[in-house]
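To start, the structure under review is shown below, and the notes come after it.
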Amino acid sequence: MPTGEAERFGKGHKVVVTILGKSGSGKTVFLSSLYSQLAEGVLGFTAAALDHSTDRILGAYLERFYLEKEAPEGTKDNSILYAFSLLFEGQPVVDLDCFDYRGGAIEDDASTDAGKVLSDRIANSDILIWLVDLSTAVDRHGGLHNRRARMATRLRRIQSISSQAVQLSPRSRVWSFVRSKVDLNFEDVSSKESLETATKELYDHVKDVIPIATCNNGPSTLISNAPIGKATVTDDCVIPGDEAVNVEWPLLLPLSWFIRERVRVLAELTEAALSKASRNEPHRGFFAPKRDAVDTPPDQEIAEAEKERDFLARVLQRIESNVPTDILVVDSTDGGADSANA
């Protein structure tokens, strides 16, 4: 990932996240569950809404689901923004703009307003979370890996939209391919074996489209999750289970790539700044935009950079030491898949 990608993660910048998937794939439930899990706290991470509507809307979706057994309606707007800050041990890590989309937008022509909004958002995203609901494909003749199954998940359509959009803005992105509603096909969604099997099935389903959709530009993760735990369906009413499964990882793991690169760049710039300072050479704005660094003393700027680097290194260590073994990582250069903990 080039230095420019690390700068997009730096101080004063937001990371843009877009949720993709066909209608009914669980985008709104996933995002509501992700935000709620982080807001409640997990692995030392918490989420803090950056506006009044984010917490109110996402929180209300999940509360109605759990307390009143009312599943959220599908997103009707072409694009809805939810903004929150990710914190680690109470300190800000990054601000996030998360976009949820009307699932039907994938059927709109790119020349329409709705189609253009989706295409532009994909092109300008740092992280793309693509939800694949295989529960609708399991019973198709021939199993999960044939043409009928891919039609059921709208895999080729989303691949086409994504590949055309990312070519509008060629730069590194991180992709999460997420098997949603895994509890509908596996009895024990908390078992490592079930999740490993579910994720391998997801990989077999999407492996041919990954290099095309992503243009081989940036790493991809494959994750199976159950945003509302083991749910039951009674008389067409979905009753949520207990704890969410793997709901935080489609965001945390992609963020770790940006964090890792930012740590590397900060270390290199700190070394260069110290070298210049030792030779009494002019120093202006190694770490921040020059307009903000004109009056910043070099020693202060170096100290702030070292502090940020050390903090982000702790964040990175917390993520990498807790990644579940049932997650797969796809190397964009060779298309191979490996366990995240391999």
Fill in the blank from the handout: side chain to side chain contact (heavy atoms under 4.5 Å, CB included) with Ile127: of Trp175, Trp257, Phe258, only one passes, and it is Phe258

Handout entry: Partner of Ser220 by side chain to side chain contact (heavy atoms under 4.5 Å, CB included), out of Ile210, Leu328, Val174
Key = Ile210

Residues which pass salt bridge (charged side-chain N to carboxylate O under 4.0 Å, His left out) with [X], listed by chain and number, not counting sequence neighbours:
X	value
Arg314	Glu89
Asp188	none
Arg121	none
Glu107	Arg154

Does any part of the side chain of [Y], heavy atoms only, come nearer than 4.5 Å to the side chain of [X], both counted from C-beta?
X	Y	answer
Leu20	Leu118	yes
Val166	Thr214	no
Arg179	His205	no
Glu196	Asp326	yes
Phe311	Val93	yes

Exercise for the section: Take Leu252 and Leu86 through the test side chain to side chain contact (heavy atoms under 4.5 Å, CB included) and record every step on the way to the result. Expected result: CA-CA 10 Å; Leu252 290 183; Leu86 182 70; 4.0 Å; yes

Taking side-chain hydrogen bond (donor to acceptor under 3.5 Å, both in side chains) as the definition, give me every residue that meets it alongside [X], ordered by chain and number, with sequence neighbours left out.
X	answer
Ser194	Ser191
Asp51	Ser53, Thr54
Ser160	Gln164
Gln159	Arg156

Do the side chain of [X] and the main chain of [Y] share a donor and acceptor less than 3.5 angstrom apart?
X	Y	answer
Asp183	Ala231	yes
Asp126	Val16	yes
Asn246	Ser224	yes
Ser162	Ala213	no

I'd like to know if [Y] and [X] are part of one continuous hydrophobic network [Ile/Leu/Val/Met/Phe/Trp/Tyr, side-chain heavy atoms within less than 4.5 Å].
X	Y	answer
Leu87	Leu96	no
Leu251	Leu58	yes
Phe99	Leu50	no
Val182	Trp249	no
Ile129	Ile80	yes

Practice task
Only pairs at least two apart or in different chains count here, so list each ring-ring contact (aromatic ring centres under 6.0 Å, His included) that has a residue in residues 38-69.
Solution key: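 Residue pairs with at least one partner in residues 38-69: Phe45-Phe88.
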
Exercise for the section: Please assess Tyr101 against Ile106 for the test side chain to side chain contact (heavy atoms under 4.5 Å, CB included), listing each intermediate value before the final yes or no. Expected result: CA-CA 9 Å; Tyr101 279 87; Ile106 67 171; over 6 Å; no

Exercise for the section: Evaluate side chain to side chain contact (heavy atoms under 4.5 Å, CB included) for Ile327 paired with Thr199, printing each intermediate quantity in order. Expected result: CA-CA 7 Å; Ile327 291 175; Thr199 305; over 6 Å; no

Exercise for the section: Flag yes if more than 12 heavy atoms outside Arg157 fall under 6.0 Å of its CZ atom; otherwise flag no. Expected result: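 Above 12, so yes.
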
Practice task
Can you establish whether the number of heavy atoms outside Glu187 located under 6.0 Å from its atom CD is more than 12?
Solution key: no

Practice task
Name all residues meeting the ring pair (Phe, Tyr, Trp, His ring centres under 6.0 Å) criterion together with Trp130; count only those two or more places apart in sequence or in a different chain, and write none if there are none.
Solution key: Phe177

Considering only distance and modelled atom types, tabulate donor-acceptor pairs under 3.5 Å from the side chains of residues 23-37, sequence neighbours left out.
{"from": "Ser23", "atom 1": "OG", "to": "Gly104", "atom 2": "N", "distance (Å)": "3.1"}
{"from": "Ser25", "atom 1": "OG", "to": "Lys22", "atom 2": "O", "distance (Å)": "2.8"}
{"from": "Lys27", "atom 1": "NZ", "to": "Gly21", "atom 2": "O", "distance (Å)": "3.2"}
{"from": "Lys27", "atom 1": "NZ", "to": "Lys22", "atom 2": "O", "distance (Å)": "3.1"}
{"from": "Thr28", "atom 1": "OG1", "to": "Thr75", "atom 2": "OG1", "distance (Å)": "2.9"}
{"from": "Thr28", "atom 1": "OG1", "to": "Asp100", "atom 2": "OD2", "distance (Å)": "2.8"}
{"from": "Ser32", "atom 1": "OG", "to": "Thr28", "atom 2": "O", "distance (Å)": "2.8"}
{"from": "Ser33", "atom 1": "OG", "to": "Pro227", "atom 2": "O", "distance (Å)": "2.6"}
{"from": "Tyr35", "atom 1": "OH", "to": "Asp55", "atom 2": "OD1", "distance (Å)": "2.7"}
{"from": "Ser36", "atom 1": "OG", "to": "Ser32", "atom 2": "O", "distance (Å)": "2.9"}

Handout entry: Lys/Arg-Asp/Glu bridge criterion (N-O < 4.0 Å) met for Arg264, Glu268
Key =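 The answer is yes: the pair qualifies as a salt bridge.
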
Handout entry: With Val263 via side chain to side chain contact (heavy atoms under 4.5 Å, CB included) - residues at least two apart
Key =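 Side chain to side chain contact (heavy atoms under 4.5 Å, CB included) check on Val263 returns Ile259, Arg309, Leu312.
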
